[in-house]
Undergrad: 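Once you've had a glance at the structure underneath, I'll fire off some questions.
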Protein chains: 4
Amino acid sequence: MIRVGVAGASGLAGGELIRLVAQHPELELTFLGGSSSVGRRPAELHPNLRLDLGVTVEPVTEDLSGRCDVVLLATPAPVSAELAARLTDRVPAVIDLSGAFRIRTPELHERWYPSVRRSAELADRSVYGVPELVGDQMAGAPLISLPGCYATAITLGLAPLVLSLGLNLKTVVVDGKSGSSGGGLQLRTADLHPLRNGAIAPYAPVGHRHAAEVTDFLERGKPGRIGSLSMSAYGVSHVRGLMASSYAFTDDEVDERTLQRAYLRFYKEHPFVRVRRHTETLIPMPDPQAVLGSNYCDVTVLHDGEGGRIVVLAALDNLIKGAAGQAVQAINRRFGLPERAGLEMQPVMPA
Amino acid sequence: MIRVGVAGASGLAGGELIRLVAQHPELELTFLGGSSSVGRRPAELHPNLRLDLGVTVEPVTEDLSGRCDVVLLATPAPVSAELAARLTDRVPAVIDLSGAFRIRTPELHERWYPSVRRSAELADRSVYGVPELVGDQMAGAPLISLPGCYATAITLGLAPLVLSLGLNLKTVVVDGKSGSSGGGLQLRTADLHPLRNGAIAPYAPVGHRHAAEVTDFLERGKPGRIGSLSMSAYGVSHVRGLMASSYAFTDDEVDERTLQRAYLRFYKEHPFVRVRRHTETLIPMPDPQAVLGSNYCDVTVLHDGEGGRIVVLAALDNLIKGAAGQAVQAINRRFGLPERAGLEMQPVMPA
Amino acid sequence: MIRVGVAGASGLAGGELIRLVAQHPELELTFLGGSSSVGRRPAELHPNLRLDLGVTVEPVTEDLSGRCDVVLLATPAPVSAELAARLTDRVPAVIDLSGAFRIRTPELHERWYPSVRRSAELADRSVYGVPELVGDQMAGAPLISLPGCYATAITLGLAPLVLSLGLNLKTVVVDGKSGSSGGGLQLRTADLHPLRNGAIAPYAPVGHRHAAEVTDFLERGKPGRIGSLSMSAYGVSHVRGLMASSYAFTDDEVDERTLQRAYLRFYKEHPFVRVRRHTETLIPMPDPQAVLGSNYCDVTVLHDGEGGRIVVLAALDNLIKGAAGQAVQAINRRFGLPERAGLEMQPVMPA
Amino acid sequence: MIRVGVAGASGLAGGELIRLVAQHPELELTFLGGSSSVGRRPAELHPNLRLDLGVTVEPVTEDLSGRCDVVLLATPAPVSAELAARLTDRVPAVIDLSGAFRIRTPELHERWYPSVRRSAELADRSVYGVPELVGDQMAGAPLISLPGCYATAITLGLAPLVLSLGLNLKTVVVDGKSGSSGGGLQLRTADLHPLRNGAIAPYAPVGHRHAAEVTDFLERGKPGRIGSLSMSAYGVSHVRGLMASSYAFTDDEVDERTLQRAYLRFYKEHPFVRVRRHTETLIPMPDPQAVLGSNYCDVTVLHDGEGGRIVVLAALDNLIKGAAGQAVQAINRRFGLPERAGLEMQPVMPA
């Protein structure tokens, strides 16, 4: 059994990590770290969780040498930067779900995360990315930095265009729509149910950090190119799941059939990405409700005759494929377990 | 592997049965029956399902001799009555999720299901009830009739009062609140999203059949008694999960501590019933959202000093513990598998 | 024009008061009082409001002599108790929307509002109740105390049984279901959208103060009687509107036709109570969505043959008929305006 | 009083038209036309409506000569085309809410509405557009064709860029998000509550007809230009209200301050368009919830430094400013009433 610690017990990603670790046949939850929640049992913090998990929250500052094989950081970026520095000396692997190590280029990191002081040396040794693209590099890595929920969806959506078809995408506009769980459990008036329900909240019409993260990553990937990628993000009136719509303009020749085939081929060996036709079932595809509770990312690609626009839609569960499930997938890759281990749960729908 | 057939492929309960059977380590889906959906693959009907299930819908009238060890009927009651009669001669076990065999007393069945002609002989040989109460009788049974979603919640909620504490409940008022998935996918204007969202729809203010079902069952159980049990049911503005609130009046002496202990003791050996205190976590308990996607029924009992009222709240996922999960639990009991087999999935929250 | 002040500018009831006063042809908003929101314009606090209202929030402690003909208190009960005492000497009329003056009997007030110190003399001079029942007493009253949102619905639902038919109701069980706007905008984790959406939250399974309020009022009304009235209240997954379901048991002879006629007769002259048959339209009646945005209370009465149960369902918009609309209705009665003045807006549906 | 007929009584737009006409001080509802609903009273079809409206549904084919001054067509486009031809000879004014006469250019009409045979002569005499832009042409017009709900939002959002600032917009990408009321009350499985709630449904990822409509209109307006305009539309998990996000790329010099000023100036005299800053209130602006139930369109313009992108967000209530309210506004302009008459209702929020 691989011994797993989770830091950040009381947040939504923390809760999902506890749930998924407890369900995984090869993992054992040996540490739960928090600050204000020290002493609490998991089910007090997350009413859904099993009542008999046998752990309580300890201070996140505990020395974990010898207690964990891997520690998952579901903490704010500044805390993650600090914990990662301390823990990488003491445990074989650290996996960070925050933005602390996502942007590789130092100047860009500075610009988008000005308040996050991280070890440059550690950043260089870290592996960033979705397991579908960088999983091989994860084996044995001391620090894995997982993409944001939107960045995961956008990257999985655009990768076949850039990395396989090698298209030159002059302009990409990303429109992101997510449920309220993306905002966590911080107390903000705008996130109270009366104001958040029924909303279409343009919370990041310009300047979303995930856009920078994706560009920084795909630029290094070659062989295609992205001219400019801009993003606007909205909170809509459900809880779990997001859709990233990428509208890409290119002068290269493309047609829908070529696109569709390229996507199927690119994700053939990747069990968690489902390439789906827009009309293959009784609701338009993709839709986050069809992946809720699972580690899937459903992707649909279309070609819009008018003006050479490629439409890529990617839907995922932000707390699973966008956070905790992807972390478990990273553990699987890091420790040589089967990629699907502990992640076989199928989507819960309707919900 | 136990070979399982599912009749009623296109409905919501059918979709959940397919999902849970496919996830179960000891079950194999060998038949999928429908009518209008013949020839379709499961993921065309239920966009969440795995794309590679390897079965397509066949006519529900197929001869299943030698193909299935058990057939699950997620069909309307009149169809179930007919299929059960035909299939019990050909397959070892049939499990019916409809109302066809729920009410044992013939006169009551006539009254509440006037359009359902069932074999009286088969009804006598069938086992009805929640696995927690009648699981032992399920071993080897040719026909198992599962309670309705509300009946499951009400029965699990009241059983300790009647069967363990032996209280004489003069009057029980049940107020049921459920999400829209309880109504299935029939095309009714009132169930379209614009009219159903934001609604508190009193769809059965009097005369809900589940009330008759519960009374008919608990009356036979002894040693306590129920004077009258009436029910009103409402559709509220979410999709999955229900709450049955039972307000029971008794002249017997009770206090909250005795009640709480009796419930804990009664369900001690039953992994799917969680007895929870009202204030034990950050939201008031119980709440269907804390069991969504799982086979749990969360139960809370309170005593209202004013007028000797006992308040029993029972929350469950109507498509799982109220339908497909309970069916899998019944298979486990019928065939001697561990009760939890294939039902370990923990609730997905928030969703 | 009648000059109106509103204290409690930033809350939801405050926002609705501002909106309705601004829409009213005979009212003029001359004062807006708050504490943390001093200096803000209404549309900064409530994004829906007109941008050109021409008032800003002032300290709630302002001396309003000569500035207002009536002041509406949308403040917490302890604040209302204090403001009412001070303002009744300075302005002709004060209308309180809090619980400070709702319960007349001093011992009961003590028990249910232990932290609210109010002037006993002022309480005696105040008029409490729904305008439909006590509107005549409101003319010229110095202090009007309006019922809670649930109390309004329960009272309007039960009044014909008790006050007109004179039934002896041995036991009344009230089950209340409301949207999240009933909880206001306080920052509580359980009220964040991710935890509140999809919930059935039993926030007051026993001991709801509105039950005491109703009993205290109806007991004084004669000629019928209520043996015991108990209540359980739930938050469900929408924002605006509530349903109070009253299940009343009586040994008196009744039938549905008599009940229906009594209700129609009782509310014949009251434009804001609509007596509706359960099946008169395409959704089951009543439903709060059919009164959303209006000052209506829709009421349906049914008789349940099983066990002599009367089912009374009352649906209203908790922020309008349950708060701000009823306050405007009280102003109309207090100052001799037509009862419908400023309240002609018809329900917005679907929403 | 102006006598108004409404054709299409049972649909959502029809219901709103009845409500708004009944609330309007200068209008009188003299005819209600339908087909399957003939003989029904309005409140049977729309449970929110006043119970005493005094009209019942008549066959839509009635001869209305002398009965109506204006007839509003809330009928499907093919029916509208036919009714318009017949009615323009018999009543002074016809206002069509369908797509039958929206696209002026015959070839484009053919392409986007191949099944709609309309009179070319009538199309030429008709006035199309939002009252803010073409209101002056509406005075005395025999046939007014109102834009679609999305087209209204997009046009109001882009008009200042094209018509006032005269920008050359090389590429415009529109991402539309709407609630379920946009789909009406047709019986489609995908629109049942269980499948529609929690969805992000990409129902028109390419080829939305409103895009063609906007281009066709703005192209004629000068002096700016639109290179290409493409659109993708999504159904999200609420009922009423939409947001049109227009992402416009230009090589012309612009900055946010200039944009903001141009918008304020452009809409200065137009009471139903509110130009709002993104952060001016406690939720991000604009948001359809802040205009729900009103005839407002809230517009926010931002400039994204990265790549010269202009972000224009326009939010409106699709059943009011996007349909019935705009129709009343058109009546006001057509008959010389004050533009705000009958449209003073302020938004209902939270809802």
Undergrad: In terms of heavy-atom proximity below 4.5 Å to chain C, should D/R276 be classed as side chain, backbone, both, or neither?
TA: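 For D/R276, side-chain heavy atoms alone lie under 4.5 Å from chain C.
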Undergrad: So which part of D/L319 gets closer than 4.5 Å to some heavy atom of chain C, the side chain, the backbone, both or neither?
TA: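 Just its side chain gets close to chain C.
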Undergrad: Shortest non-hydrogen contact from C/N48 to D/R274?
TA: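 Smallest heavy-atom distance, with atoms named: O-NH1, 3.2 Å.
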Undergrad: Does CZ in D/R41 sit with more than 12 non-hydrogen atoms of other residues, nucleotides or ligands closer than 6.0 Å?
TA: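 No.
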Undergrad: Which heavy atom of D/P47 sits nearest a heavy atom of C/M285, and at what distance?
TA: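 Nearest heavy atoms, D/P47 then C/M285: CB-CE, 3.7 Å.
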Undergrad: Can you tell which part of D/L282 gets under 4.5 Å to a heavy atom of chain C, answering side chain, backbone, both or neither?
TA: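 Contact with chain C is through both the backbone and side chain of D/L282.
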Undergrad: Heavy-atom pairs under 4.5 Å with chain D - which of C/D287, C/V239, C/N197 has more of them than the others?
TA: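 Answer, by heavy-atom pair count under 4.5 Å with chain D: C/V239.
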Undergrad: Find the one option among D/L51, D/I283, D/L292, D/V291 whose heavy-atom pairs under 4.5 Å with chain C are most numerous.
TA: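 Max contact count across the listed options: D/L51.
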Undergrad: For D/E44, is it the side chain, the backbone, both or neither that has a heavy atom under 4.5 Å from a heavy atom of chain C?
TA: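 For D/E44, backbone and side chain are both near chain C.
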Undergrad: Counting only heavy atoms closer than 4.5 Å, note whether C/A43 contacts chain D via side chain, backbone, both or neither.
TA: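 Interface part for C/A43: both.
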Undergrad: Does any pair with a residue in residues 28-47 of chain D pass ring-ring contact (aromatic ring centres under 6.0 Å, His included), and if so which ones, sequence neighbours excluded?
TA: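 Listed once each, the pairs would be none.
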Undergrad: Picking from C/E280, C/R50, C/H238, C/Q289, which has the most non-hydrogen pairs under 4.5 angstrom with chain D?
TA: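 Most pairs with chain D among the choices: C/R50.
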Undergrad: Under 4.5 Å from any heavy atom of chain D, what part of C/I320 do you find: side chain, backbone, both or neither?
TA: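 Neither part; nothing is under 4.5 Å.
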Undergrad: Counting only non-hydrogen atoms closer than 4.5 Å, does D/L20 touch chain C with its backbone (N, CA, C, O), its side chain (CB onward), both, or neither?
TA: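 Neither; nothing under 4.5 Å.
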Undergrad: With a strict 4.5 Å heavy-atom criterion, list every residue of residues 341-351 of chain D that contacts chain C, or say none.
TA: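 Checking residues 341-351 of chain D against chain C gives D/E344, D/M345, D/Q346, D/P347, D/V348, D/M349, D/P350, D/A351.
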Undergrad: Taking atom OG1 of D/T281 and atom CG of C/L49, what is their separation to the nearest 0.5 Å?
TA: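 It comes to 9.0 Å.
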Undergrad: Is it the backbone or the side chain of D/E16 that comes under 4.5 Å from a heavy atom of chain C, or both, or neither?
TA: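 When you check distances to chain C, only side chain atoms of D/E16 fall under 4.5 Å.
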